[in-house]
Amino acid sequence: MENSLLGLQAEAFSNGAARGVRYLKQLPDRRVGPNLSRLAELDPGLPEQGADVGDILDLLETVGGEGTVATAAGRYFGYVIGGALPAASAARALLSAWDQVADGLTGPSVIKMEETAVSWIVRLLGLPEGTDGAFTTGATMSNMALLVTARDTLLSRLGHERGEGLIGAPGLRIVASAEIHATVLKSLRMAGLTTKSIEWVEVDDQGQMRIDKLPELDDRTLVLCQAGNVCSGAFDPFDELGDKCNAAGAWLHVDGAFGLWARACSDTATALKGLEKADSWVVDSHKTLNTPYDSGLALCRHPHEMQASMAIGATYLPATVSNPANRAPEFSRSARGAETWAALLSLGRQGLEDMLSRFHGHARRISGDLTALGFEVPHEVHFNQVFATLPGAEDACARIAGHVQASGEAWFGQASWKGRQGFRISVSNWSTRTEDVDRLIAAVAKAKAEVMAPA
Ligand SMILES: *Cc1c(COP(=O)(O)O)cnc(C)c1O
């Protein structure tokens, strides 16, 4: 017999999907920045009686839709946000109907997709055989899960029992790149590790860790480096770092939230030589791979150590070693791995390489065009990130970024790097075309003329 409640759900689902289609169709022409004037309407007061789904979707579509930043469009160049590939966002829509919990018993097919995606990524990135991991909500959680794993593993190798955590534990050392991402510090705090007595390693003019400044390492040391400096896109010297860490018994962890993907592209792969020598890696699908938020991946060459730190031992759960939920911080997990699976299936290896190469090409062009406009880009274009400043008028950069944002033509944000004021442009959206870059450059030229015009 037909269940009319589920019938209503199907109707609501198709209503929501139709509005999603309308949003996507108007994206190319709409302004990138949001309309904030109606946000207050989103708090009509909690009604005593529930509202009609159609009315809710009306409010969501009009006021909610206008209040979005069009990060899904090709003229958004802020942070390292990326958009969502067609296969990935369509998979998200379908997955939301399934509402699966990604663990082995309740979501067998989504777990199979997650495990498949992990194995594809391990191969694409050239990581060691046996590397395994789990999807998380993002690099911050992935970093935390792996820092906890590294902490527990180093301590247990020193004879400290795992279950004791940090209570009575021998001291560990944290050695980190001076330009490690700000969220890594939060992940360290969440892992109960120091952020006060980090042994910082100087970086060079590109933002790459200076191997000659690395302190003596030992088997109590956790070394934190990165694949993709958020300002310059530069990569740390994994080859030498890996050799030194492996010889000393130190743990090498790589935060590659957006930049680890560069290894899957022949233009940039050599800059990540030796990446496979690390112990653990973090990469986000929701950034460079262009899946919907939120989706990160924690990868470890010692999956049994990760499992020892992350497994959930409830009596009502069977001990399945292969369940990624036992290697992730979260217990109830969305089926985000299936979105990455869909993204990778839709691109194929060559398609992924082409997309990454396009990001790199656009970024190089942006760097050249900004230089021609009188800006200075004080780094090589290593991957997809461009930091620019205006010599002699650095403080104008924030206003230039503000003018571009206000124009609606494109969006990027102000930034400072190595004590210089500037702005930062990230090419990380699958749908960005040459025409979008043309409009970005035209908008910057116009904004610069406006800001620098004599009053
Ligand atoms: C974005 C980013 C992070 C944090 O990632 P989330 O997925 O937002 O948690 C960490 N490191 C780097 C280099 C990043 O770019």
Side-chain angles (χ1 to χ4, degrees), residues 69 71 76-84 88 121 125 133-148 150 174 176-191 193 195 198 201 203 206-209 223-236 238 252-263 268 271-272 275 278 280-299 328-330 333-334 336-337 339-340 343 356 359 363 379 382-387 412-413 415-417 424-429:
V69 177
T71 55
Y76 181 82
F77 298 92
Y79 310 104
V80 200
I81 287 200
I121 291 171
L125 301 180
F135 279 86
T136 71
T137 51
T140 305
M141 280 316 276
S142 292
N143 278 323
M144 191 209 67
L146 291 165
L147 292 175
V148 168
I174 309 290
S177 154
E179 293 195 0
I180 201 84
H181 195 263
T183 59
V184 176
L185 301 180
K186 175 171 171 171
S187 302
L188 278 169
R189 286 202 307 277
M190 290 195 291
L193 295 168
T195 54
I198 294 175
V201 185
V203 294
Q206 302 294 307
Q208 280 161 332
M209 213 195 236
V223 179
L224 306 176
C225 66
Q226 62 187 352
N229 179 299
V230 273
C231 286
S232 67
F235 305 98
D236 283 330
F238 309 117
L252 181 60
H253 174 73
V254 184
D255 172 19
F258 71 90
L260 212 68
W261 295 107
R263 170 88 156 196
T268 43
L272 291 88
L275 185 72
S280 53
W281 307 263
V282 160
V283 65
D284 274 337
S285 289
H286 60 214
K287 289 182 172 172
T288 320
L289 183 63
N290 280 257
T291 68
Y293 279 83
D294 36 21
S295 183
L297 179 57
L299 292 164
E330 298 90 349
R333 305 164 68 238
S334 86
R336 53 179 77 83
E339 293 156 14
T340 292
L356 298 168
F359 293 165
H379 64 84
H382 299 274
F383 186 32
N384 65 326
Q385 301 293 97
V386 177
F387 174 85
F412 57 81
S416 69
W417 188 44
R424 204 179 64 191
I425 290 175
S426 172
V427 187
S428 41
N429 190 300

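Counting starts at 1 for both ligands and their atoms, following the listed order.
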Would you find a donor on one side and an acceptor on the other, under 3.5 Å apart, between the side chain of N290 and the backbone of G83? yes
Is the closest side-chain donor-acceptor distance between [X] and [Y] under 3.5 Å?
| X | Y | answer |
| --- | --- | --- |
| N229 | H181 | no |
| T291 | H286 | no |
| S428 | T288 | no |
| Q385 | S426 | yes |

Test your reading of the structure: does A139 have an N or O sitting under 3.5 Å from an N or O of ligand 1? yes
Using a heavy-atom cut-off of under 4.0 Å, does the side chain or the backbone of H286 touch ligand 1, or both, or neither? side chain
For [X], the ligand 1 atoms whose distance to one of its heavy atoms is below 4.0 Å:
| X | result |
| --- | --- |
| F258 | 15 (O) |
| A257 | 2 (C), 3 (C), 10 (C), 11 (N), 12 (C), 14 (C), 15 (O) |
| V230 | 15 (O) |
| G138 | 7 (O), 9 (O) |

Atom 7 (O) of ligand 1: of N143, D284, T140, V282, the nearest heavy atom sits on D284
Candidates M144, K287, E179; heavy atom nearest atom 8 (O) of ligand 1 found on K287
Testing L147, V184, T195 one by one against R189 for a side chain to side chain contact (heavy atoms under 4.5 Å, CB included), which residue passes? T195
Shortest protein heavy-atom distance from atom 13 (C) of ligand 1, along with the residue and atom involved: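 Of every protein heavy atom, D255 OD2, 3.5 Å lies nearest to atom 13 (C) of ligand 1.
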Of the protein's non-hydrogen atoms, which lies at the shortest distance from atom 4 (C) of ligand 1, and what is that distance? T183 OG1, 3.4 Å
What's the separation between atom CG in L224 and atom CG in N143, rounded to the nearest 0.5 Å?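 Between L224 CG and N143 CG, I get 8.0 Å after rounding to 0.5 Å.
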